[in-house]
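Convention: sequence-line order gives letters A, B, ...; per-chain numbering from 1.
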2 protein chains.
Amino acid sequence: MKDGVYTQFARIGKAVAAPKRIELLELLCQGPRTVEALADQAALTVANASQHLKVLLASRLVDAQKQGLFVEYRLADEGVLRFVHAMRELAEARFAEVGAIMQAYLKARGKLERVSGEELMQRVRKGEVTVLDVRPELEYRAGHIPGARSVPLSELKRQLADLPKNREIVAYCRGPQCVMAIEAVELLRKRGFRAQRLEQGVMDWRARGWKIEKSASED
Amino acid sequence: MKDGVYTQFARIGKAVAAPKRIELLELLCQGPRTVEALADQAALTVANASQHLKVLLASRLVDAQKQGLFVEYRLADEGVLRFVHAMRELAEARFAEVGAIMQAYLKARGKLERVSGEELMQRVRKGEVTVLDVRPELEYRAGHIPGARSVPLSELKRQLADLPKNREIVAYCRGPQCVMAIEAVELLRKRGFRAQRLEQGVMDWRARGWKIEKSASED
DNA sequence: TGTATATTCAAGTAGTCGATTGAATACTAG
DNA sequence: CTAGTATTCAATCGACTACTTGAATATACA
């Protein structure tokens, strides 16, 4: 009996034993995706991605739902999000490597200051800052930080004219491992804006139980 | 770069991808152990246990420390305990199997009532109950619930005479998957005691941040 | 109906992992 | 130093895994 229980536990472990599956999971933490989108973003062949997703499905960490021509995968529930988050925190605490890799990257990029969530919410409430969600619009629609404005990185250059020059701008993306916000802040600063990067991404935001806003359109 | 990060993350996943390693981890959640003790309790050969422990060591989830003739393994820190706990919660929520296996067992044993932690602490404070730690004494010394008395399951029969007949008794062991407390309660009831089982084990107790008492002796 | 598209299935290969065995290493006690 | 003990190392075998390739389903649209 005891053996059976641990075997069940290990199903969770096996699901997160492959780097690519963790990458897929983190992508799914940002919202539902089709197989193709996931394959694309994780640099996998579609067949291979499908196979990994099948494993995640078998471990009940994700759900799949056929939407017409596409199959949409999503996290099974918020508990999975918390688990992934706990795992990331443990990994970061345990492996200097992870922190080091990120820090080296951040340093090379010129030490962009990071803004914390509590800090941000206070300033948002006072109307002191403009919050930018620089992820693709689809991800924005799946859920975003209250008050954030969707300006996908790819659109940023075109929308520069609409942004306030004298107000502070805080950009965020998927999370600490995502570099979209970093690039956005770089661009903004080059153009003379006062821009900073939000330390957390949407995933951490949710994991901490802070509110998420959903767009009415779609789904 | 991104690939490297996820590879690091996966090291944690790989560490908990094997049932036996999870079993070892849960044993270590109850306190430091030597290789031999772990091998014994997890029903592994010593060499095999050593190998698994090496994997856990490489993933930084545990630490090893040479104590004279023995090597003592222990959790790297409390964060690991929280992680293991989060993983168990996820597994239990996700796999009906785990819950079902346990419930079937509990039912077959005659529906022993379960006592919750908050409930227990209130009654302990009022001096209404006697709390028994039925794990091996070594585990008791490594840490136990405040006010608990060490009566290893193997010693229970011999110490029956010392237990109060008219006071309520609450027994606990390692955790939900551990059956020592169940057996203890059964025995006590057969002998006419008013006995109940504490829902949590030491591990859950700690994970919730409740206090743990340590014996002064050893280490 | 036929064609295009998204996803899954099936089979094959190279590589990894878990368990076993027997030897090697480190420490203790006499 | 020698004998004994706890642990690890090294080599092996069978099982499993990730990824690739090419074919098979299933749905949408014309």
Side-chain angles (χ1 to χ4, degrees), chain A residues 2-4 6-25 27-28 32-59 61-74 138 218-219, chain B residues 2-4 6-25 27-28 32-59 61-74 138 218-219:
Chain A
K2 224 167 68 177
D3 230 51
Y6 288 119
T7 305
Q8 300 306 318
F9 282 26
R11 284 168 67 183
I12 306 272
K14 277 188 187 142
V16 293
K20 286 298 183 186
R21 279 201 292 271
I22 301 181
E23 194 168 352
L24 289 173
L25 266 183
L27 286 169
L28 288 172
R33 298 287 155 80
T34 64
V35 177
E36 198 177 22
L38 289 166
D40 195 50
Q41 295 186 41
L44 288 168
T45 64
V46 177
N48 197 3
S50 173
Q51 216 163 330
H52 279 305
L53 289 166
K54 218 180 110 189
V55 176
L56 291 174
L57 202 59
S59 70
L61 294 180
V62 308
D63 276 340
Q65 195 179 353
K66 188 127 198 182
Q67 302 257 348
L69 205 50
F70 300 84
V71 174
E72 205 176 68
Y73 282 85
R74 61 184 67 215
L138 199 128
E218 284 210 339
D219 196 332
Chain B
K2 224 167 66 176
D3 229 50
Y6 289 118
T7 304
Q8 299 306 318
F9 282 25
R11 284 169 67 182
I12 307 271
K14 277 189 188 140
V16 293
K20 286 297 183 187
R21 279 200 292 271
I22 300 182
E23 194 169 352
L24 289 174
L25 265 183
L27 286 169
L28 288 172
R33 297 288 154 80
T34 64
V35 177
E36 198 177 23
L38 289 166
D40 195 48
Q41 295 187 44
L44 288 167
T45 64
V46 177
N48 197 1
S50 173
Q51 216 164 330
H52 279 304
L53 288 166
K54 217 180 111 190
V55 175
L56 291 174
L57 202 59
S59 70
L61 294 180
V62 308
D63 275 340
Q65 195 179 355
K66 189 128 198 180
Q67 301 260 346
L69 203 51
F70 300 85
V71 174
E72 205 175 68
Y73 281 84
R74 61 185 67 216
L138 198 128
E218 284 211 339
D219 196 332

Hey, does the side chain of [X] come within less than 4.0 Å of [N]'s phosphate (OP1/OP2), counting only N and O?
| X | N | result |
| --- | --- | --- |
| B:Lys54 | D:dC9 | yes |
| A:Ser50 | C:dT7 | no |
| B:Tyr73 | D:dT8 | yes |

Taking the side chain as every heavy atom from C-beta outward, state whether [X] and [Y] have any atom pair closer than 4.5 Å.
| X | Y | answer |
| --- | --- | --- |
| B:Leu28 | B:Leu38 | yes |
| B:His52 | B:Leu56 | no |
| B:Leu25 | B:Val62 | yes |
| A:Leu24 | A:Leu44 | yes |
| A:Arg11 | A:Lys14 | no |

Over how many whole Å does the gap from [X] atom [atom1] to [N] atom [atom2] extend?
| X | N | atom1 | atom2 | answer |
| --- | --- | --- | --- | --- |
| B:Leu44 | C:dA19 | CG | P | 7 Å |
| B:Leu56 | D:dT7 | CG | C1' | 16 Å |
| A:Phe70 | C:dA6 | CZ | P | 5 Å |
| A:Glu72 | D:dT27 | CD | P | 16 Å |
| B:Leu57 | D:dT7 | CG | P | 14 Å |
| A:Asp40 | C:dT7 | CG | C1' | 15 Å |
| B:Leu53 | D:dC9 | CG | P | 12 Å |

If I take atom [atom1] from residue [X] and atom [atom2] from residue [Y], how far apart are they, to the nearest 0.5 angstrom?
| X | Y | atom1 | atom2 | answer |
| --- | --- | --- | --- | --- |
| B:Thr7 | A:Glu23 | OG1 | CD | 9.0 Å |
| A:Arg33 | A:Leu53 | CZ | CG | 12.0 Å |
| A:Leu27 | A:Ile22 | CG | CD1 | 12.0 Å |
| A:Gln51 | A:Arg21 | CD | CZ | 9.5 Å |
| B:Leu57 | B:Ser59 | CG | OG | 8.0 Å |

Protein-nucleic acid N or O pairs under 3.5 Å, nucleotides 1-3 of chain D:
none

[X] side-chain proximity, nearest of [options]:
| X | options | value |
| --- | --- | --- |
| B:Leu69 | D:dT21, D:dT7, D:dT5 | D:dT5 |
| A:Thr45 | C:dT8, C:dG22, D:dT20 | D:dT20 |
| A:Ala47 | C:dT8, D:dT7, C:dT21 | C:dT8 |
| B:Glu36 | D:dA6, C:dT8, D:dT8 | D:dA6 |
| B:Val71 | C:dT8, D:dT8, C:dA26 | D:dT8 |

Problem - Nearest heavy atoms of B:Tyr73 and B:Ala64, plus distance in Å - result: CE2-CB, 3.6 Å
Problem - Shortest non-hydrogen contact between A:Ala17 and B:Ala17, atoms and distance - result: CB-CB, 4.0 Å
Problem - Degree of bending in the helix from C:dT1-D:dA30 to C:dG30-D:dC1 once both end axes are built from five pairs, to 10° - result: 30°
Practice task
For B:Lys66 and for A:Lys66, locate the closest nucleotide of DNA chain D by heavy-atom distance; then report the residue assigned to the nucleotide nearer the 5' terminus.
Solution key: B:Lys66
Distances under 3.5 Å only, N/O to N/O: pair up the protein atoms with those of nucleotides 14-18 of chain D.
{"from": "D:dA18", "atom 1": "OP1", "to": "A:Arg21", "atom 2": "NH1", "distance (Å)": "2.8"}
{"from": "D:dA18", "atom 1": "OP1", "to": "A:Arg21", "atom 2": "NH2", "distance (Å)": "3.0"}

